[in-house]
Amino acid sequence: MASTENLREKIKSKRKALQASLGGSRQVDDNRASVAVEIENGARNENARKVEEIQNEDEQVENLKRTMKAQRQRRKKMLIDDIDDVHSEESIQEVNIITHQQRTLPPLPVPTPRTSFAEYSMREKMREKLKAARSKAQSAIQQEEASAPPQHLTPFKDQTSVIQFDTEVDEEDMKTAGVDELPHPSSKVRFHEIANKIKQKSKDGFPSAEEAYNFFTFNFDPEPEEAEEKSKKQKRVGAPKKIDHEEESEGDWDEEESTIRTEAEEEEEGEEEDQPLVKDNMDNEDDYLFIIDQTARDFLVIRAPDYESYYSRQQKDKKVLFTPSILTVATSEKIPEDMQPRFLEDEGIYVGERPKVSKSNQNILEHRLLKNKEGKKWFGSDGRIIALPNPIKQTYTRPPIFSLHEKVDPAIETFYKKAEKSIDDNRYIAGSMELQGRFQLDIDISGIVFTHHPMFSREHVLAAKLVQLYDQYLCRQQHNLAGLYSDKLCALRNAVKSITDYHHVHISVTQRRLVEYKSEIRTTRRMCHMEQEKDWTLLKNLVKVWKDVKSLREFQKFTNTPVKLCLRRQQINRKADEINYEREIQTEVAELLEDYQEEYENKLAEYKKKYEEWKAWRKAKKAKKKKKKSSDEQETDDTEESSMFEEFPKPDPPEQVDVSLVEQQVRTTAARIRRKPGEPVLTPELSMTATVTPTNQCPRGEQLRRQDVQRSTLYAKIIFNNKEVSRTSSQTLSADFRIHFGQIFNVQIINWPESIKIQIFETMGMSSTKTEVFIPIPETTVLTGSALIDEIEFSNAHRITFDHEGVGSGVPFSFEADGSNQMILLTSGKLACSVSWAVREDGVPLIPPVLHENVGVQRSLKHVDAILSIGTSGLTDMKKLARWAAESRLDPNDPSNACLMQLIMSATSGEALDHDYFRLEQLQEEFNFVSDEVFNKSKRFRLLQLRNEEVAEFHNFKQVPILDREISEKIFQEYEKKCHEKDTVDITSHLDPHRALVARFLQKVRDSVKNRFLLAKHHYILSDMVVEEAVPSISSGDSRMLGISLFKLAEPRRPLRPRRKERKKVTAQNLSDGDIKLLVNIIRAYDVPIRKSIGGKPALTSRSARSINETFSTSQIPQSPTQSHEWFTNQTSVRPFVEVSFQRTVRQTSTAEGQNPNWNEELEIPFRAPNGDYSTASLQSVSDDVFINVFDEVVYDVLEDDRERGSDVHTRVERHWLGAVQVPFSTIYSQSRIDGTFRINTPPVLLGYSKERNLSSERGWEAVRSLSEGSYLSLFITVEPHLVPGEAVNEKMIEMLRKLETQEDEKLLQKAEKFQKEVKQKFPNRRCVTLVTDLTGKLVFITRFIKALSPPQELLDAFPQDYEATTELVARYVSLMPFLPDSISFAGICDLWCTSDQFLNLLAGDEEEHAVLLCNYFLAMGKKAWLVIGTAIPEGPTAYVLTYEQNQYVIWNSTTGQYYGQFDAFCPLQSVSCLVSADNVWFNVQKYETVMRVHFDTSKPNLWKPFFSRNFPFPGLSSVQPEELVYRRTDKAAAVELQDKIEKILKEKIMEWRPRHPTRWNRYCTATLRQFLPKLEFSRGGEVGDDHSAELQNQLGDYRISGFPINMSFSELSPIIEAVHSTGVHNTMIPQVEFALAVYVHPYPNNVLSVWIYVASLVRSR
Amino acid sequence: MLSGKPSVFLLMVNGQIESADFPEFDELYCKYSYVYGHDWAPTTGLEEGISQITSKNRDSNQCFVWNFPMEITFKSTNPFGWPQIVISVYGADLFGNDVVRGYGGVHVPTTPGRHKRTIPMFVPESSSKLQKFTSWLTGRRPEFTDPKVVAQGEGREVTRVLSQGYVTISFNIVTKDLKKLGYDSIPANQTSDNTGF
């Protein structure tokens, strides 16, 4: 038994081994177990078997071991005899196999566990090799197995007990038991080693046969051993307690192993049956001596399996396992002791929301944390786990994606975006498309020279300085600026001299040049001095530094640098030098003196001037003084003067410059900046010839420094576009701080170089410093081969200090002993390198295309110091540059300035001039497709522009020619003329100057109004765009009710009851020429004048019965013989036909007979719109009239010979004009149809015709009716297709106007609107007019227009007695005012109302103006008069005047001056809707509106709805009319002049109309007619005709006259011409016809002219 | 004409109103007309036309096929006011009234070659519900005062319209002298040899 100490040690070691092989052993177990499954026997058996086996095995092993012990020892000594070893191992193997054999002997020989056992640590190879042998063995064993199983059970049990016992007994075993399987693997390992070796051996080719032989033959004595073992075990039985004890003590001893141990124990407990045994075995391994004598049986212990109670297991578990509780941990546990939990949130500190964790999980976590030692640090002061606020936000931080396709999840919706090439790509990748190729940069890094290095010694610093100064010196020497300047100075002086010598005459040019030269001399001299001084100081510095170096070397007693400065002395001719010097001094002095003199003179002049001033001032002062006092002059003078001095200082006379002083100055400067005369010229020469003291002779500090220098190495990295491309080899820093790399790097690039950077890394020991140097990208012209090595300076602000001689970097140090004059040097140096573009073999440079064109320019300028003077920005400003060049007097011939001069030249001469103006839309020009000039010149563009502006002349111009030359100038002439006329009055073109003015004024009004309504015109309302059935109103009219209209749908169709169908309305846009036709239906005529003839007796009889106020002559017209002819040929009194002419198109009806003819014919006349524009506005402005003329067709028998009458018919048809009806197209257009009976305008005198009175007329006899005696024509006129009148526009206008300004009260406006709406609802067809537009476009209440205004006195005086006649005259006067419909003057705009004075001024107006004027006159005349708003034919909506006279209402047509009784059937007024007086408006609310059925009693509210009633009384609206109308007397001379003019023009026209016939004028007749016309005027077209015709017949007896006078108001000439033309007088084709034409113009006040034209054709009768 | 340089250019349009798609209606016919500017004038061909009544195809896609040819030549001096074709489609409603089913218009293509256009068609809406009902009842639906208003922008703001369907038209365009007069309507990638007659 070993001592406890030993034991412990053993245990320890074993345990270690165990730990290492723990896994392995387990595996073994596993293997074993798996194998065991195969075996039919139970686990126990197996265990028992195992034990047996092991025992056997062990025995054998021990035997073996014994034999091998020696070998092992030998091995330890590293003296292994190979062969021996092999042998020994073989033997082991054999033993191993023997055990197998052995096992065959006991009843349970299981080969598999064994093999596995062996196999466990064996290599695979071995296993394979062994397989063969094993299988053999197995087969053998199995054979034996089969024979021996029954023997086995009893010993099994025994064995276990024994084992138990054994373990208890064997102390050592026990200790191993603690270790458990420890020995197991170790033994195994050993085994395996051996086995391995054997394996190898066998592999090496040892005969397996032999092995096999040994295997089977070798072992035959295990039995005794087993017995021995048994006995031994039995011996040990006595000491089980001790072991327990030991175990406990072990636990105490090995605390560190405790965990392992417990584990081991657990395992032990789990596998108690075999484990201790195994241990045992293992122990035996070591203490083989002990076991030697034991037999295998001794170790076989069989024991019942241990059962551990659940409780105990739990207890054990508790020790090992920790199960965190889910119960809440008390807060006190979580926070440090004696602290209260602190809740930050309660204290008002914001605490974020914690992430959500379930309570139980949190508790578990807390428990776990608390279990740890430092667990508390996880808890905050509030006793909760420290947690960050919940990072999950409640709201979306990303905006939601709304998708067009709702079904697609917005997150996964894909958008197709076309790949596009970034522009930037081109920037980086040079040669984008065209130049595919690689480019190459050659970067040559030749070396680095440090100008300062941290490891510089002081001497180095000085030496570097010296070198630098020397370099500077050399550079200066090379430039030799001082020399240059002095040469220049010389040259300038010479020039001055030559000028002064040869040009004594002071020509201004030379004078100026002289001044220039002088100033230049001054500057040059200054420059020269400066340069000289610089040179001199440089030289002095050089010498000083060298001296410093020398002194330093002496001081430190060693030399560190090889620098050596030699000063070469150049002896010169002292005398000559002195003379030269002196001369220079003298010239300079002279020049200076000259300058000073000049200055002096200037000053003197100034002084003099001042002095004069001062003198004058003093004089004045003195004079004052003298007056004051005479005594004590001196004193006062002095005081005065002194006082004066303050007030007006006496100017100091300028000092004359002292020559000597100047010279002195010059000399001192010269001495300062130049070498003294006679002194030798010193030329420094720097050489590197000084010997450097060897290191070993230097002091320690220096030695260290030098070592450091040697240790430090440098290398450079090349960074291209911020990417490292290459690096140089590492070089050691040489003693002179120069590094030579001498490497060229070829950088192949595809990107445009952005930057090239070289990083210099210096490593010294561990530390390394980095310095960056940027290298400019070479220009494209820099190619390899031509590139020069550049020295690029760099520096590094890195701070480095050393404890040796090195001065460091960025550290202050001083050369002085006292530490003064400190300086700080930074690491700096020069990198010698060159970057260039490589050239290919074929000579093509590998350069990417140049991107910035101006790079070159700027580069070339870089070297010029222009940058310094004007800054880099100035370079782009050429002006500035040029100015600078001029100022600095750049020498244009200097080659170094050449490129700059060229640039300036090109800049100043070229177009790069700056503009002096600023433009807002600088890009506008680019968008102009032609220049303004071209635009204005082009006729086409002008035409297009005018058309677009809707200028009337060009409004609908079609097909503007594409070429300018196709546009004739004439097009614009008219327009230009018109534009021109707007300002100048062209009297000549008009017959009457006043009319011209009026026309112009009208035009202006028209323009202004047009502009005002232009907006509204383009303002559409729904009805303009969409045709829609109106909502059938339920309240109004019965037939319009929805229900009834529905019934109508179901109504049976009644084809026999035709109903009027509404024609489809056509809007004007889609019409073209020929589409529109005017349909004129001539139905019948009444009371057509009949021919006067002998046979016309009834006419005479009727005539006697005529009314009283008709004066009729009873004289008979003598009948001419021709009339008898007539009578014979024409049985009827008259054969009238109707001719309709419109736009010079003439249609005529057939001829009817009788004075009441009936035609019933439809005439179709095509309509052409002006310019082919069929828009509403255009159609409205059509001013053409439809002339409906009634002619009498007279057939003359022209057969001369009566004898032929029987056989021949030879007649001539003549037509005699009887009268006309004139209907303006605008009326037709706005009315869409005109249906009614019109009075035919018959001339007052119709030669050869008389009115036949029809006594039996059904119309009955009425006095009033007789006043309006005349012929009538029934007509129906319409336009086909139905055009939509532009009335909507007018309505809109009113709407618009309402929004525009008005002077009316808002209340009134509202009331008006309400009123209108009300009545409109009831009587939609009746016009209600309350608010009208005046000429300025404002809304005016209609009553304001009505005011009593007196007519011209002249008219009132005409018939002082006859009231009725006066009335008629006034009406006539009004009717003579020219009529101009608003729709024409304000085309497409609206109805404008003029006040009466405006009307009189304009002398043009439509019905409203006439009616208002007439009404006003009547009111002034004391009549009861109203304005009647209604509809009439043919005018349509119109205004008439109603008067109440002699108990009856008379209706006056103001435009014709005619009047009708209320019950006159032929009254053109068809309906009455409104009555307007000066203070009220009444609306007709009667059932009927026709004049005859209307009661005109406005006092009855059920008949007339008043606007102003008791509810809304008349507010007393003031009139817009003037107080009084002022009339101008018309110039009679002008009237006569006009008369002649008209006559002349008409005669010309008639001749013109008869191009193929001669037109003869009968002067006699004309004269007669002329006399007659004034009479007609006097009688206002009254009944003078018969007298007159009689007279005429008397005078012109031989002639057959047909003719008539036409009366009209004068506005313009064209209507007169038109009227004459329409009569067709000129159409007479009778040969030898003569014409007579007389014109009479009767002037009325205010330029109202009545024009009478008498046209007659005369045919001589024989 | 003085020289070889033309003073007008010609635009020849031929093609056909091929088909229409009006899902709700049947038995439709269409009218077409052109709207063009002041500088345009038709030289030959029909300016207006009215097609036959066609019934809906009985298969699934139910389109109307008119295949109504049209041919017209314009001359002009100015591309401003380039012709537009205006189509209006009519058909009988429930009570047999002829009502409009759609208006639509499109510019005649400016480039020579074959073009196909699909025109959305619309009709003006009634201005109130009641009117809508009565118009439905009486068969007098709101109509444009002139179908040509669809070719102009002025005044459209006062109307409310309802989409009805589509009409497909194919055009074959030939131009003459357009380029000679300085108007290059052909895109750069297209060869210009098909411009002449």
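Letters go in sequence order (proteins before strands), and every chain restarts at 1.
- With sequence neighbours left out, the salt bridge (charged side-chain N to carboxylate O under 4.0 Å, His left out) criterion links B:Arg140 to A:Glu1029.
- At most 12 non-hydrogen atoms from other residues, nucleotides or ligands lie less than 6.0 angstrom from CZ of B:Phe80.
- Within 6.0 Å of the OH atom in B:Tyr166, the count of heavy atoms belonging to other residues, nucleotides or ligands does not exceed 12.
- Applying the 6.0 Å contact sphere to NZ of B:Lys132 captures no more than 12 heavy atoms from other residues, nucleotides or ligands.
- Within a 6.0 Å sphere centred on CD of A:Glu933, heavy atoms belonging to other residues, nucleotides or ligands number 12 at most.
- Taking CZ of A:Arg940 as the start and CG of B:Asn78 as the end, the distance is 4.5 Å to the nearest 0.5 Å.
- When all heavy atoms of A:Val1026 and B:Thr145 are compared, the pair lying nearest together is N-CG2, 3.9 Å.
- Within the 4.5 angstrom heavy-atom criterion, no atom of B:Tyr103 approaches chain A.
- Proximity to chain A is absent for every atom of B:Arg160, based on heavy atoms less than 4.5 angstrom apart.
- Interface check for chain A: of the options B:Ser76, B:Ser135, B:Ser126, the most heavy-atom pairs under 4.5 Å are formed by B:Ser126.
- Options B:Pro142, B:Gly37, B:Pro124, B:Gly81 differ in how many heavy-atom pairs under 4.5 Å they form with chain A, and the most are formed by B:Pro142.
- A salt bridge links A:Arg947 with B:Asp39: at least one charged nitrogen is closer than 4.0 Å to a carboxylate oxygen.
- Of the two parts of B:Thr159, the backbone and the side chain both hold a non-hydrogen atom closer than 4.5 Å to a non-hydrogen atom of chain A.
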Name each donor-acceptor pair under 3.5 Å that joins a side chain in residues 112-119 of chain B to protein atoms two or more places apart or in another chain, with its distance.
residue: B:His115; atom: NE2; partner: B:Thr111; partner atom: O; Å: 2.6
residue: B:His115; atom: NE2; partner: B:Thr111; partner atom: OG1; Å: 3.2
residue: B:Lys116; atom: NZ; partner: B:Glu18; partner atom: OE1; Å: 3.2

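- Heavy-atom distances place no part of B:Ser33 under 4.5 Å from chain A, backbone and side chain included.
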